[in-house]
Each structure stands twice: as structure tokens, then as C-alpha cells.
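Before any comments, here is the structure.
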Amino acid sequence: KNQVEQSPQSLIILEGKNCTLQCNYTVSPFSNLRWYKQDTGRGPVSLTIMTFSENTKSNGRYTATLDADTKQSSLHITASQLSDSASYICVVSEDSGAGSYQLTFGKGTKLSVIP
Amino acid sequence: DAGVTQSPTHLIKTRGQHVTLRCSPISGHKSVSWYQQVLGQGPQFIFQYYEKEERGRGNFPDRFSARQFPNYSSELNVNALLLGDSALYLCASSLEGEVRTQYFGPGTRLLVL
């Protein structure tokens with residue numbers, strides 16, 4: 001069964017500090033992995049998307065890494081800001097063949113940045 | 001350009017009632033997917049429609065149904081509402097049938113009393 005596990009479940013950090021969120025998956029065959037930021041009660045917004053051959057992808061203060069061998073990904077947030085407080089969701093796409101893709105969502109990591 | 005839009009933003013219903021949620025995809029996008037997100041959980045896939053045809057269905061009861069219109073907008077219908085249907089319902093659109101590059105709407109918050 002395809003699964004996406006995220007850790008930690010929640011995290012509190014001081015403004016200005018860095019943090020790293022983890023995502024482990026068992027989805028196969030793998031197509032791509034995406035990190036979303038979701039503010040409370042809002043729709044997810046894409047941060048990064050990585051395919052099998054990509055190890056690192058940056059988007060401003062967000063840097064995602066992917067190790068396709070160990071099926072692990074991380075999202076590193078640098079110099080956190082209060083506006084970074086949100087849930088971060090890891091989503092892995094499975095290549096079901098014939099142009100069909102299935103998505104498996106993690107439960108997310110709830111990040112709180114405090115002053 | 002407008003992103004994915006959903007209506008209504010919030011909705012309160014009672015058990016046994018039915019509800020219709022609406023979604024307008026990004027202009028030019030032909031595929032719409034629906035997700036249910038219970039508080040504290042990741043989104044769960046309900047349906048995907050592409051070119052007005054059902055492309056995929058998640059593990060949801062027959063009380064859930066959807067359709068896509070010629071202008072690619074979509075409706076999600078839920079009959080005989082249960083308390084457990086209370087959730088944020090997300091719509092996502094993508095350019096073609098593939099879902100790897102989906103863009104999400106703001107969601108509709110449904111509360112069933």
C-alpha cells in the first residue's frame with residue numbers, strides 16, 4: 001500500500017531560526033514528489049516539485065531534497081518568518097502507467113513560528 | 001489570471017441533507033479533482049474528471065457523486081450527510097488529465113450538525 005509519512009507531526013520554532021521537515025514514502029513506481037504549504041482553512045499552495053532525477057530544488061527560503069534510493073525527502077526552511085506558520089504537506093505521485101497518476105498525501109507537519 | 005475558485009466558502013448543513021459544492025478550474029485547465037480534508041489530516045482523493053468524464057474515484061461511498069460541465073467547471077454532490085462528512089473540500093485543476101501539476105482552490109468548509 002502506498003504511504004507517505006511525515007515527521008514531526010508538529011513543530012514550534014523561534015522566528016529567524018531554520019528547520020527541516022521530513023517525508024518518507026513507499027509509493028512505487030515513483031513519478032514525482034511535491035511539497036505544499038497550507039494555511040489553516042485554505043487550499044494547499046505548491047512550493048516545490050521534484051522528479052526522480054532531481055536531488056535538490058529551491059524556492060526562495062524553501063529548499064527541498066530528494067533521495068530516491070532511500071525514498072526520503074526533506075524540506076528545509078531558512079530564516080523562518082511568522083508567515084511560515086502553516087501545515088506543510090508532502091505529496092508523492094505514482095506513475096500508474098498509460099498516462100495515469102495517483103497521488104498519495106502525507107498528513108502534514110504543522111509548523112508554528114513564534115516571535 | 002484567476003486561480004481555482006470554489007463556492008460556497010462555508011456551509012452548515014444538518015444530518016440527512018444533501019449538499020452541492022462548486023468548482024471553477026483555472027482557465028484552460030480541463031481536469032478537476034476533488035479532495036476531502038478532515039481536520040488534522042492530509043487530503044483524501046474523491047474524484048477526478050477530465051474532459052467531462054470520470055477518470056478516477058477514491059474510496060468514498062455512493063453518497064458522493066460529481067460531474068463536470070462543458071466549460072470544465074465541476075460540482076460535487078453529497079447525499080444523506082453524516083456528521084463525519086464535516087471537512088474542508090478541496091478542488092484542484094490541472095491542464096490535462098495528469099494530476100502531477102495540480103493547483104488547488106481555497107476549499108469549501110462544510111460543517112454537518
Side-chain angles (χ1 to χ4, degrees), chain A residues 1-10 21 23-25 27 29-54 57 66 86-112, chain B residues 2-11 21 23-26 30-51 53-59 86-111:
Chain A
K1 178 182 177 182
N2 289 335
Q3 287 187 314
V4 175
E5 301 287 342
Q6 291 189 242
S7 62
Q9 185 176 14
S10 62
L21 315 180
C23 173
N24 297 336
Y25 62 92
V27 175
F30 173 87
S31 177
N32 65 54
L33 184 147
R34 197 158 199 167
W35 283 93
Y36 284 91
K37 177 186 178 185
Q38 185 177 24
D39 293 317
T40 301
R42 307 296 298 274
V45 175
S46 179
L47 295 175
T48 64
I49 180 170
M50 287 184 293
T51 59
F52 183 87
S53 60
E54 295 175 299
K57 184 72 72 75
L66 173 65
S87 287
Y88 291 83
I89 302 175
C90 175
V91 183
V92 182
S93 174
E94 170 198 356
D95 186 348
S96 303
S100 175
Y101 301 92
Q102 300 293 328
L103 300 181
T104 304
F105 288 74
K107 294 182 179 181
T109 292
K110 186 174 176 60
L111 174 66
S112 298
Chain B
V4 177
T5 59
Q6 293 185 243
S7 63
T9 56
H10 297 82
L11 201 54
L21 310 182
C23 171
S24 293
I26 292 172
K30 300 178 182 178
S31 177
V32 169
S33 297
W34 287 95
Y35 296 86
Q36 180 196 66
Q37 186 176 25
V38 175
L39 194 63
Q41 302 291 316
Q44 297 292 316
F45 172 70
I46 309 176
F47 287 110
Q48 186 204 358
Y49 276 78
Y50 175 61
E51 289 282 13
E53 292 189 0
E54 184 181 300
R55 190 77 174 264
R57 172 185 287 256
N59 188 24
S86 297
L88 179 69
Y89 287 84
L90 295 166
C91 171
S93 77
S94 56
L95 190 59
E96 299 291 340
E98 53 85 18
V99 295
R100 291 176 297 172
T101 52
Q102 287 185 328
Y103 296 86
F104 284 87
T108 293
R109 173 72 65 187
L110 172 64
L111 177 61

Checked Pro106(B), Gly107(B), Ala92(B) vs chain A; the most non-hydrogen pairs under 4.5 Å come from Pro106(B)
- Item | Neighbour count >12 (heavy atoms, 6.0 Å) for atom CD, Gln44(B) | no
Whatever's closer than 4.5 Å to a heavy atom in chain B on Gln6(A) counts as neither
The interface call for Gln37(B) against chain A, heavy-atom contacts under 4.5 Å, is side chain
The reported gap from CZ in Arg42(A) to OG1 in Thr9(B) (rounded to nearest 0.5 angstrom) is 10.0 Å
Shortest non-hydrogen pair, Gly43(A) vs Leu90(B), comes out as CA-CD2, 3.7 Å
Go through the steps to decide whether Gln102(B) and Leu103(A) satisfy the test side-chain contact (heavy atoms from CB on, under 4.5 Å), and finish with yes or no. CA-CA 10 Å; Gln102(B) 287 185 328; Leu103(A) 300 181; 3.3 Å; yes
